[in-house]
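Only heavy atoms go into these numbers, but all of them, side chains included; no hydrogens, no water, no symmetry mates. Numbers here simply count residues along the sequence, with the first being 1.
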Amino acid sequence: MSTDDAFAEAYRAHYWAVSRFVARRLDGQAHEVEEVVAEVFSIAWRRRTELPESPLPWLYGVARNCLANTVRGLGRYRRLLNRLGNHEAAHRRQTVESPDAERPGSWVHEALARLSPADQEVLRLTAWEELTVEELAVTLGCGHSAAAMRLHRARRRLRAEIDRTRTTVSARAGDDGNGGRNG
């Protein structure tokens with residue numbers, strides 16, 4: 001198979017997986033997601049001679065780098081808007097949460113949000129993208145042992161956050177406002 005054919009096959013087979021990967025990490029407009037995905041496949045085209053036999057983890061690695069660049073750019077854009085005074089925060093507007101803001105399972109997302117960005121990414125790659133440890137290593141650009149250790153530590157930290165959340169919720173539920181007295 002030629003490198004052009006290999007790229008075309010990778011594009012057809014993995015476009016939607018890469019799109020979902022980017023959309024889950026870039027909480028923004030659809031056009032921003034499309035721009036990042038287009039950049040991922042533009043890089044894949046330029047580097048098509050380097051496409052591995054199983055290109056999805058490699059594409060995820062490229063997407064992570066593109067996302068990092070996009071997030072930095074969006075940060076610069078937001079800072080510029082704030083300096084210019086054209087941001088909703090500068091006009092004292094507030095965003096109101098929707099009535100369904102408390103979603104089922106939101107406590108898992110809250111516990112995940114308290115982890116470091118690196119731990120969050122390792123857990124998302126294995127849970128959302130369903131990567132194996134070998135594929136995780138390719139995506140992160142590290143060895144198999146390092147990827148396995150990062151995953152183990154991230155899972156342990158998430159478990160600790162969940163346990164801490166349960167303890168806090170249990171303590172609040174046990175507080176009936178009577179200082180432990182029933183009547």
Note to self: Please report the interatomic distance OG(S54) to CD(E134), rounded to the nearest 0.5 Å.
What the structure shows: 11.0 Å

Notebook entry, point to check: Going by an N to O cut-off under 4.0 Å, is there a salt bridge joining R124 and E129?
Noted result: no

Checklist line | Rounded distance (nearest 0.5 Å) linking atom CZ of R157 with atom CG of L112 | finding: 13.0 Å

Next item on the list: Say whether W16 and W128 are linked into one hydrophobic cluster, either directly or through other cluster members, by side-chain heavy-atom distances under 4.5 angstrom.
Entry: no

Item checked: L158: which of D163, D119, L115 passes side-chain contact (heavy atoms from CB on, under 4.5 Å) -> L115

Next item on the list: Heavy atoms only: give me the nearest E53-P55 pair and the separation to one decimal.
Entry: O-CD, 3.3 Å

Notebook entry, point to check: Taking C-beta and beyond as the side chain, do P57 and L136 meet within less than 4.5 Å on heavy atoms?
Noted result: no

Check: Of all heavy-atom pairs between E135 and E130, which one has the smallest distance, and what is that distance?
Finding: OE1-O, 4.1 Å

Next item on the list: Kindly confirm or rule out a cation-pi arrangement of R25 over F21, judged by NZ or CZ under 6.0 Å from the six-membered ring centre and within 45° of its axis?
Entry: yes

Margin query: Quick test of your reading of the model: are R156 and E161 salt-bridged, counting only N-O distances below 4.0 Å?
Written below: no

Checklist line | For the student: nearest non-hydrogen atoms of A17 and L56, plus distance | finding: CB-CD1, 4.0 Å

Checklist line | Full working for side-chain contact (heavy atoms from CB on, under 4.5 Å) between E32 and T70 | finding: CA-CA 9 Å; E32 292 171 343; T70 297; 5.5 Å; no

Notebook entry, point to check: Does L51 reach the side chain of T3, with side-chain heavy atoms less than 4.5 Å apart?
Noted result: no

Margin query: Quick one, T126 with T132, criterion side-chain contact (heavy atoms from CB on, under 4.5 Å). Give me CA distance, side-chain angles, the key distance, then yes/no.
Written below: CA-CA 7 Å; T126 56; T132 64; over 6 Å; no

Margin query: Distance check, rounded to the nearest 0.5 Å: R48 atom CZ versus S2 atom OG?
Written below: 9.0 Å

Item checked: Donor-acceptor pair, side chain of S19 and main chain of Y15, under 3.5 angstrom -> yes

Note to self: Counting C-beta onward and ignoring hydrogens, is there a side-chain heavy-atom pair between D4 and W45 closer than 4.5 Å?
What the structure shows: yes

Item checked: Side chain to side chain, L123 and L151, heavy atoms closer than 4.5 Å -> yes

Item checked: T139 (side chain) donor-acceptor with Y60 (main chain) under 3.5 angstrom -> no

Next item on the list: Taking all heavy atoms of A44 and all of L59, pick out the closest pair and write down the distance.
Entry: CB-CD2, 3.8 Å

Next item on the list: Under the side-chain contact (heavy atoms from CB on, under 4.5 Å) rule, what do E9 and R12 come out as? Steps first, then yes or no, please.
Entry: CA-CA 5 Å; E9 178 59 30; R12 280 191 299 276; 3.4 Å; yes

Notebook entry, point to check: Donor-acceptor pair, E50 side chain versus R47 backbone, under 3.5 Å?
Noted result: no

Margin query: Restricting to non-hydrogen atoms, name the atom on A113 and the atom on Q120 that form the minimum distance, rounded to 0.1 Å.
Written below: O-NE2, 3.4 Å

Check: Can you check whether L140 reaches V122 side chain to side chain, under 4.5 Å on heavy atoms?
Finding: yes

Next item on the list: Provide the closest heavy-atom pair for A111 versus I162 in the form atom of the first, atom of the second, distance.
Entry: CB-CG1, 3.9 Å

